[in-house]
K.L.:
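Just passing along the structure, written as structure tokens.
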Number of protein chains: 2
Amino acid sequence: MELKRREEDYLEAIYEISKRKGKARTTDLAEYLGIKPASVTEMLQKLAAKGLLEYHRYSGVVLSKKGEEVALSVRERHDTIRELLKYLQVPPDIAQRDACIMEHNLSPITIIQLKKFINFIKNCPKNAPIWLEHFKKYSETGEFDCREECEKI
Amino acid sequence: MELKRREEDYLEAIYEISKRKGKARTTDLAEYLGIKPASVTEMLQKLAAKGLLEYHRYSGVVLSKKGEEVALSVRERHDTIRELLKYLQVPPDIAQRDACIMEHNLSPITIIQLKKFINFIKNCPKNAPIWLEHFKKYSETGEFDCREECEKI
DNA sequence: ATAAATATTTTGGTATGCCTAAACTTGTAA
DNA sequence: TTACAAGTTTAGGCATACCAAAATATTTAT
């Protein structure tokens, strides 16, 4: 079953709220997603019909196994993107927001490449690669700080 | 006036088609966007009402100055993202597709950072930075190819 | 010039995802 | 324990963006 991006948003929100409160209630979700409770109820009923969560009127909701799997995979994509943006010196709050936008429809291949790039940075034998430092400086000042070293490499 | 992502898609499509044919016709757009002509007509009328293009029934459409400005700015964002993905070793066709998805809602700050990163790569004194070569190899083989050099830097 | 083919628009309908207002539950405090 | 406040759901509506089918306009071929 092919999930819509908004459905993924809800599942991710439910996951995050449940992590703290055990279950997610209509009002929590409405606040988290910046919409009205009535709209939340409607979507929860749809997601329940698809077997992605347990819904009983007037109680909160809890993700099903399937729903949780989806939520986790969305969150992983989200974190991947956010981490990339972090390395590209995007301020954390903006990286967070933009990761939300990108997390849904990117090709799995793109996500894999983003991950590889992150791992390349993190696991490089010299573990904070010098070129990343150089990029940070370039991003702030517009100046290349690596003239001599670059000649050598 | 705040434009919707779908409106931006149409303007971009019209721009691309006009570039080749002088103007964009309903059927061209329907094909380009993968939807039916009836839907195109509807949207063209909306965009005309917003002053983004010239619409006369049964002729094609041509972007207004304002419409062209929007199209160019969308295309620039698109190209920026596509270029980044290229450096991250995402295959060209997938980079193209995913740039279409991301081009709309990213924060201007994120776009600026992506551009800086691209310029950092392109304008580095040593103009194909060695670390990018190393990433390419890492992306293909999973192995770091830079052990000794990294020690030195 | 006119009929046939092609292109475009109009009309009426669908799904998504949101809203407000009203109705209904639930929990709590008097 | 009952009444009220807070939370939730239902009902009716709206905007977007699509579709199919029917109506209309344009182009092309004879």
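Excluded from the calculations below are hydrogen atoms, water molecules and symmetry mates; all remaining heavy atoms, backbone and side chain alike, are included.
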K.L.:
For the residue pair A:F117 and A:W131, does the interplanar ring angle fall in the parallel (under 30°), tilted (30 to 60°) or perpendicular (over 60°) class?
P.N.:
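Because their plane-to-plane angle lies in the 30° to 60° range, the rings of A:F117 and A:W131 count as tilted.
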
K.L.:
Would you call B:L106 and B:Q113 a side-chain contact if the rule is heavy atoms closer than 4.5 Å?
P.N.:
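Not in contact.
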
K.L.:
Out of D:dA17, C:dT9, C:dG17, which has the shortest distance to the side chain of B:K4?
P.N.:
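Among D:dA17, C:dT9, C:dG17, the one nearest the side chain of B:K4 is D:dA17.
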
K.L.:
Here's a test of your reading of the structure: between A:L44 and B:G34, which maps to the more 5' nucleotide of DNA chain D?
P.N.:
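Mapping each residue to its closest nucleotide by heavy atoms, the 5'-most match is A:L44.
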
K.L.:
Between C:dT16 atom P and A:D9 atom CG, what is the distance in whole Å?
P.N.:
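That distance rounds to 16 Å.
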
K.L.:
I need the CD-P distance between A:E31 and D:dA6, as an integer number of Å.
P.N.:
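Taking CD of A:E31 and P of D:dA6, I get 15 Å after rounding.
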
K.L.:
Please determine whether a side-chain nitrogen or oxygen atom of B:S39 lies at a distance below 4.0 Å from atom OP1 or OP2 of D:dC19.
P.N.:
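The answer is yes; a side-chain N or O of B:S39 sits under 4.0 Å from OP1 or OP2.
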
K.L.:
For C:dC18, does OP1 or OP2 lie under 4.0 Å from any side-chain N or O of A:R6?
P.N.:
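For C:dC18, OP1 or OP2 has a side-chain N or O of A:R6 closer than 4.0 Å.
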
K.L.:
Rounded to the nearest angstrom, tell me the gap between atom CG in B:L47 and atom P in C:dT9.
P.N.:
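After rounding, the reported distance stands at 13 Å.
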
K.L.:
Return no unless some side-chain N or O of A:Y10 is found under 4.0 Å from OP1 or OP2 of C:dC18.
P.N.:
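For C:dC18, OP1 or OP2 has a side-chain N or O of A:Y10 closer than 4.0 Å.
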
K.L.:
Looking for any heavy atom pair under 4.0 Å, which part of the strands does B:E42 touch: base, sugar-phosphate only, or nothing?
P.N.:
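The answer is base, as B:E42 lies within the cut-off (heavy atoms under 4.0 Å) of a base atom.
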
K.L.:
Is the shortest distance from a Lys or Arg side-chain nitrogen in A:E16 or A:K19 to a carboxylate oxygen in the other one below 4.0 Å?
P.N.:
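Here A:E16 pairs with A:K19 in a salt bridge, since their nearest N and O are under 4.0 Å apart.
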
K.L.:
Rounded to the nearest Å, what distance is computed from the CD1 atom of residue B:I35 to the C1' atom of nucleotide D:dT16?
P.N.:
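The distance from CD1 of B:I35 to C1' of D:dT16 comes to 12 Å, rounded to the nearest Å.
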
K.L.:
Is the shortest side-chain N to carboxylate O distance from B:R77 to B:E12 below 4.0 Å?
P.N.:
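No, no charged N to carboxylate O under 4.0 Å.
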
K.L.:
Among side-chain atoms of A:E68 and A:Y15, is any donor-acceptor pair under 3.5 angstrom?
P.N.:
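Result is no, nothing qualifies.
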
K.L.:
Heavy atoms under 4.0 Å, any strand shown: does B:T41 hit a base, just sugar-phosphate, or nothing?
P.N.:
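Base, at least one base heavy atom under 4.0 Å.
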
K.L.:
Grab the CD-C1' distance between A:Q45 and D:dA11 for me, whole Å please.
P.N.:
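For the pair A:Q45 CD and D:dA11 C1', the rounded distance is 12 Å.
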
K.L.:
Roughly, in whole Å, what's the span from CD in B:E7 to C1' in D:dA15?
P.N.:
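The distance from CD of B:E7 to C1' of D:dA15 comes to 12 Å, rounded to the nearest Å.
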
K.L.:
Using OP1 and OP2 only, check whether a side-chain N or O of B:R57 sits under 4.0 Å from D:dT24.
P.N.:
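No, outside the criterion.
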
K.L.:
Does D:dT27 have its OP1 or OP2 closer than 4.0 Å to a side-chain nitrogen or oxygen of B:Y58?
P.N.:
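Checking B:Y58 against D:dT27: no side-chain N or O falls below 4.0 Å of OP1 or OP2.
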
K.L.:
Nearest to the B:A38 side chain among D:dA21, C:dG17, D:dT10, which nucleotide is it?
P.N.:
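That would be D:dA21.
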
K.L.:
Please state how far atom CG in B:D28 lies from atom P in C:dT6, giving the value in whole angstrom units.
P.N.:
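B:D28 atom CG is separated from C:dT6 atom P by 16 Å.
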
K.L.:
What is the distance, to the nearest angstrom, from the NZ atom on A:K36 to the P atom on D:dA6?
P.N.:
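Distance, rounded to whole Å: 16 Å.
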
